[in-house]
Amino acid sequence: MNQEQLRNMILNVHKNRFATKKFDPTQSIDEKDWNTIIESARLSPSSFGYEPWKFLIIDNNKIKEDLKPIAWGAVNSLEGANKFVIALARKNIVYNSDHVKHIVQDVLGLSYSESSPQSLFFKKFQENDFKLTDGKSLFNWTVKQTYIPLANMMTTASFLGIDSCPIEGFNIDEVESYLSKKGLIDLEKFGVAYMAGFGYRDQELPAKKRQPLQDIYTVID
Ligand SMILES: Cc1cc2nc3c(=O)[nH]c(=O)nc-3n(C[C@H](O)[C@H](O)[C@H](O)COP(=O)(O)O)c2cc1C
């Protein structure tokens with residue numbers, strides 16, 4: 001494939017991805033395709049490499065039914081998508097939190113100390129540069145990062161001919177309290193970021209409506 005064919009292929013992948021409203025519930029995603037989609041999430045970048053996320057794959061029909069009244073934007077996916085994801089973002093990720101220690105030691109294979117230059121640099125970044133000084137701002141900061149795996153999963157799916165729908169149409173308090181009662185989330189450590197459905201469309205590809213490039217793109221000389 002030459003460069004021009006590659007460019008066209010990539011743009012077609014993006015044009016072919018749309019927020020699928022009607023999925024065909026009879027079609028299943030091949031396990032290797034699904035593993036590739038999840039791997040694109042796992043390989044996603046995160047601030048300082050702390051990977052502040054977790055993904056729940058809801059295969060349980062009772063839970064799907066229970067979610068419908070509290071997740072209006074997810075009903076289409078809950079009814080027809082073959083895979084249904086709830087993305088969780090970590091809370092209170094700071095220089096001396098257990099998760100940071102775990103990533104530094106067990107994932108990055110480095111030694112950890114609260115007073116190391118790296119720890120203090122991260123502390124300064126959070127507190128001085130990004131003003132991440134309370135629980136809400138810290139949570140919003142990790143939630144932002146969870147949208148990178150979302151984009152990667154949707155694009156990877158589209159490459160594989162698999163449709164998707166990103167979902168924020170739910171009541172966060174109700175969904176969190178439901179998942180907590182089910183023992184599926186520890187609200188001290190995690191909050192819900194978004195949901196997403198993956199499967200096969202049972203509808204035509206709608207026309208893409210977007211602002212023209214000149215309205216969103218400015219080159220500063
Ligand atoms: C963060 C986010 C949340 C969204 N929430 C929902 C949702 O709850 N339900 C839904 O059907 N679509 C949802 N969408 C889909 C958007 O409406 C859709 O992406 C947008 O209108 C552009 O259309 P397209 O993705 O088909 O090109 C969401 C999209 C994003 C990025």
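Indexing begins at 1, ligand by ligand and atom by atom, following the structure's order. Note that the structure is predicted; figures quoted are calculated from it, not measured.
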Run the contact test for Lys209 against ligand 1 with a 4.0 Å cut-off on heavy atoms, strictly below, and give the result. no

Please work out, at 4.0 Å between heavy atoms, whether the side chain, the backbone, both, or neither of Cys165 comes within that distance of ligand 1. side chain

Less than 4.0 Å between a side-chain N and a carboxylate O, is that true for Lys62 and Glu65? no

Cationic N near anionic O, under 4.0 Å, Asp129 to Lys124: yes

Can you tell me which residue and heavy atom of the protein come closest to atom 11 (O) of ligand 1, and the distance to 0.1 Å? Lys21 NZ, 2.6 Å

Residue selection (non-hydrogen contact nearest atom 13 (C) of ligand 1) among Gly73, Ala19, Pro166: Pro166

Would you mind checking which non-hydrogen protein atom is closest to atom 23 (O) of ligand 1, with the distance to 0.1 Å? Arg210 NH1, 4.0 Å

Quick check: Lys208 and ligand 1, any N/O pair under 3.5 Å apart? yes

Taking it one step at a time, do Ile10 and Leu6 satisfy side-chain contact (heavy atoms from CB on, under 4.5 Å)? CA-CA 6 Å; Ile10 291 168; Leu6 186 57; 4.2 Å; yes

Using protein heavy atoms only, decide if any is under 4.0 Å from atom 7 (C) of ligand 1. yes

Thinking salt bridges, do Lys68 and Glu79 make one under a 4.0 Å N-O criterion? yes

Show your reasoning for whether side-chain hydrogen bond (donor to acceptor under 3.5 Å, both in side chains) applies to Ser158 and Asn16. CA-CA 7 Å; Ser158 188; Asn16 207 35; 4.8 Å; no

Report yes if the distance between the aromatic ring centroids of Tyr200 and Phe23 is under 6.0 Å, otherwise no. no

Show the atoms of ligand 1 that are less than 4.0 angstrom away from any heavy atom in Tyr147. 1 (C)

Please state whether Arg17 comes within less than 4.0 angstrom of ligand 1, counting heavy atoms only. yes

Please confirm whether Phe18 comes within less than 3.5 Å of ligand 1 when only nitrogen or oxygen atoms on both sides are compared. no

Same apolar cluster: Leu132 and Phe139, side chain cutoff 4.5 Å: no

To which protein heavy atom is atom 1 (C) of ligand 1 closest, and what is the distance rounded to 0.1 Å? Glu168 CD, 3.4 Å

Verdict with reasoning, Trp53 to Phe190, per ring-ring contact (aromatic ring centres under 6.0 Å, His included): CA-CA 8 Å; Trp53 47 56; Phe190 290 96; over 10 Å; no

